[in-house]
2 protein chains.
Amino acid sequence: MAVTIRDVARESGVHVSTVSRTFSAPHLVNAETRTRVLAVAEGLGYRPNRAARALTTGRTHNLGLIVADIANPFFPPLIKAAQAQARERDYHVFVADTDEDPLLEQELIETLCKQVDGVLLCSPRLSNRVIERLRAQVPFVVVNRRLKGLTTVLMDVGQGARAAVEHVAGLGHRRMALLSGPAGSWTSGEMRQAATDTAAEHHMELSVLGPNEPTEHGGLAAAGAVAASGVTAVLCYNDLVALGLIEGLRQRGLGVPDDVSVIGVDDSLPGRLSRPKLTTITMPTAAAGRMAVDLLLATISGSAGTAGPAPHTTARLETGLVIRESTQRVSSP
Amino acid sequence: MAVTIRDVARESGVHVSTVSRTFSAPHLVNAETRTRVLAVAEGLGYRPNRAARALTTGRTHNLGLIVADIANPFFPPLIKAAQAQARERDYHVFVADTDEDPLLEQELIETLCKQVDGVLLCSPRLSNRVIERLRAQVPFVVVNRRLKGLTTVLMDVGQGARAAVEHVAGLGHRRMALLSGPAGSWTSGEMRQAATDTAAEHHMELSVLGPNEPTEHGGLAAAGAVAASGVTAVLCYNDLVALGLIEGLRQRGLGVPDDVSVIGVDDSLPGRLSRPKLTTITMPTAAAGRMAVDLLLATISGSAGTAGPAPHTTARLETGLVIRESTQRVSSP
DNA sequence: GTGAAAGCGCTAACAT
DNA sequence: ATGTTAGCGCTTTCAC
């Protein structure tokens, strides 16, 4: 096996507890001793075993991060930011992909929860009921899902959707469609609500088409319905759906933005790099990842002190509309 | 605290060791007892504490996955496949991002190695020397880097690069450029070698431009040099660079593929969804992720049995060329 | 087939 | 400031 605390203790002529303290409570040990122990540890290549430490402290210094689909470009920036923030705080993070499957999501939470101090649930597809039950086992922070009594980080996509509809209304469009996302998605519900309200305010006709698979295939598959509906503008669940839709429209001889204006959500890499560049609702994914980690860590240290119910916060992050090339003034109103 | 093995033992009227056996060696316990214990465990919501188990067995059932940049679309499919495969084998995976920083990469390996049974190093930027030293601490599998004595999974990008140059040669191009990647990248070296050789065989002139940042910014920044060089075809380090280059070329009034043919590497989502659709070298990222996990797991169980040097394999995965819309016959030869 | 006991690497009272 | 002791949750000889 590897070098343990005992090896360091023997080598430096002190008791194991002194070595332990050198690492977990340095101020409690004589500066001279500390230096010596540190030197020996360095020389031996000693690294504290975090699992063993977790056994006594009850803190694993690990976090779980559960997402619906790592390959969906919405998530990588969030994952990247979350693990960077966690590392900053001396935490490591397990990343797990649920493949958009609620059952797998639950299963993952349950197996992971014994190994982590808390879990970050991003855009969960799980029912509120199940989440409620699970939260007894491990502290949660949920991203993009509203849940009473739980700490949540919300990206205010409603605000972006409102701006999007107004943008399109200002361009003279009178009939638009909303390509909604997966049934369990909070984001999709928010978008629908905001879009419906705003469309009404502007006396626009809005058709909701969906649910759609949150990928380019979903958008491609919806192209027929969009074409048939005769709308001149479409707000899509995300950039991928928008990009797929644009492709499908093109296959039907419909150009974007000439014949139809299309708006996505996420401001993802593919949208930025595509032609026409996608008009899209920006989502503060990196900020959400960092904030979620900080809130989770706060919840964790908080729940250690008090026996009462965990404190809960709702952080609401702003979204915005980036107008690029996939929207333009309606040609035939 | 949560429910432990002892709670289950008390509740089901057996000794803790019997409960332990029920989970880790079921065949050693009476079927009837087993059923009862399992029922009680289920009822109590008992989940074995893997960290505690790791303390005695020496197996954490965790893996580390280290990548240069989660947000680079090359990695997500690999990460997704790797963690799915790991889960299948009852392993969890820590994902860490090095931000293309060799020092951080080393740091991460060192802190992670005590918590995992092995680490997957993807496209490492670390020097061979350091990797050699680190491998004593923890089993490795390296993706896209050649290292004697180490188990590696290689994507044969040379093969794809050869096909790409031949494709371009067949289209009548006589002068092409290679936009190389980061200095430490094995992939970049392989591409360069293959492209140089193949270009020579076809009496083409090849200029190597780089190193370039492996992102769209790298490609954008290289556009000036490419335009100045007067080449009619460019093979880029990856799709992002290619997409950035296309944008930069466009800003200079150069169209793709009309004026310049551009080829990427990765067959990533942005490349598939962009206009023109990117001609690119496909990389078997998902397969590599799965295979790397399996090889790592094999190394781990292998190294448990024998005290000798760990076995090493080199898996070479095929790449291919997908011809799409960003390449065409040269206009002014 | 099951129980008893020791111990994995570490921390946390409690002594001194 | 440092040593002693007990124990975290689990596995694993070793008896029976």
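Proteins get letters first, then strands, A, B, ... in listed order; numbering begins at 1 in each.
In this structure, the CG atom of Asp117(B) is 15 Å from the C1' atom of dC8(C), given to the nearest Å. One atom, CG of Leu55(B), and another, C1' of dC10(D), lie 8 Å apart when rounded to the nearest Å. One can place NE2 of His15(B) at 16 Å from P of dT12(D), the figure rounded to the nearest angstrom. In this structure, Arg10(B) places its CZ atom 13 Å from P of dC10(D), rounding to the nearest Å. A straight line from CD1 of Ile5(A) to P of dC10(C) spans 5 Å, rounded to a whole angstrom. A straight line from CZ of Arg47(B) to P of dC10(D) spans 13 Å, rounded to a whole angstrom. As rounded to whole Å, 20 Å separates atom P of dG9(D) from atom CZ of Arg50(A). Asn49(B) places its CG atom 19 Å from the P atom of dG7(D), with the value rounded to the nearest Å.
Between the side chain of Thr57(A) and the main chain of Arg59(A), a donor-acceptor pair closer than 3.5 Å is present. Checking side-chain atoms of Arg125(A) against main-chain N and O of Thr98(A) turns up no donor-acceptor pair under 3.5 Å. For Ser188(A) (side chain) and Gly181(A) (main-chain N/O), a donor-acceptor pair under 3.5 Å exists by modelled atom type.
For the OP1/OP2 pair of dT11(D) and a distance below 4.0 Å, the side-chain nitrogens and oxygens of Ser24(B) include at least one atom meeting the criterion.
When distances are taken from the side chain of Thr56(B) to each of dC10(D), dA1(D), dC8(D), the shortest belongs to dC10(D). Nearest nucleotide to the Thr57(B) side chain, out of dT11(D), dT4(D), dT11(C): dT11(D). You'll find that the side chain of Ser17(B) is closest to dA4(C), out of dC10(C), dG9(D), dA4(C). Comparing atom distances between the Arg6(B) side chain and each of dG9(C), dC8(D), dT4(D) picks out dC8(D) as nearest. Comparing atom distances between the Thr4(B) side chain and each of dT2(D), dG9(D), dT4(D) picks out dG9(D) as nearest. Distances from the side chain of Thr18(A) to the nucleotides dC10(D), dT2(C), dT2(D) place dT2(D) closest.
The shortest side-chain heavy-atom distance between Arg53(B) and Phe23(B) falls under the 4.5 Å cut-off. For the pair Thr22(A) and Arg34(A), the minimum side-chain heavy-atom distance is below 4.5 Å.
Using a 4.0 Å heavy-atom criterion, one finds that Val14(A) contacts the sugar-phosphate atoms exclusively. At a threshold of 4.0 angstrom between heavy atoms, the contacts of Ser20(A) include nucleobase atoms, whether or not backbone atoms are also involved. Across all strands, Tyr46(A) comes closer than 4.0 Å only to sugar-phosphate atoms, never to a base (heavy-atom distances).
Each end of the helix from dG1(C)-dC16(D) to dT16(C)-dA1(D) gets its own axis from five base pairs, and the two axes differ in direction by 30°, given to 10 degrees.
Between His61(A) and Tyr91(A), the ring planes are parallel. Angles under 30° get that label, and only those over 60° would be called perpendicular.
The base of dG3(C) sits with one of its N or O atoms less than 3.5 Å from a complementary donor or acceptor on the side chain of Arg21(B).
For the pair His27(B) and Val16(B), both in contact range of DNA chain C, the more 5′-proximal nearest nucleotide belongs to His27(B).
Side-chain polar atoms of Asn128(A) and Arg146(A) form no donor-acceptor pair below 3.5 angstrom.
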Below 3.5 Å, can you tabulate the donor-acceptor pairs from side chains in residues 14-21 of chain B to any protein atom, sequence neighbours excluded?
from     : atom 1 : to       : atom 2 : distance (Å)
His15(B) : ND1    : Ser17(B) : N      : 3.2
His15(B) : ND1    : Ser17(B) : OG     : 3.1
Ser17(B) : OG     : Arg21(B) : NH2    : 3.4

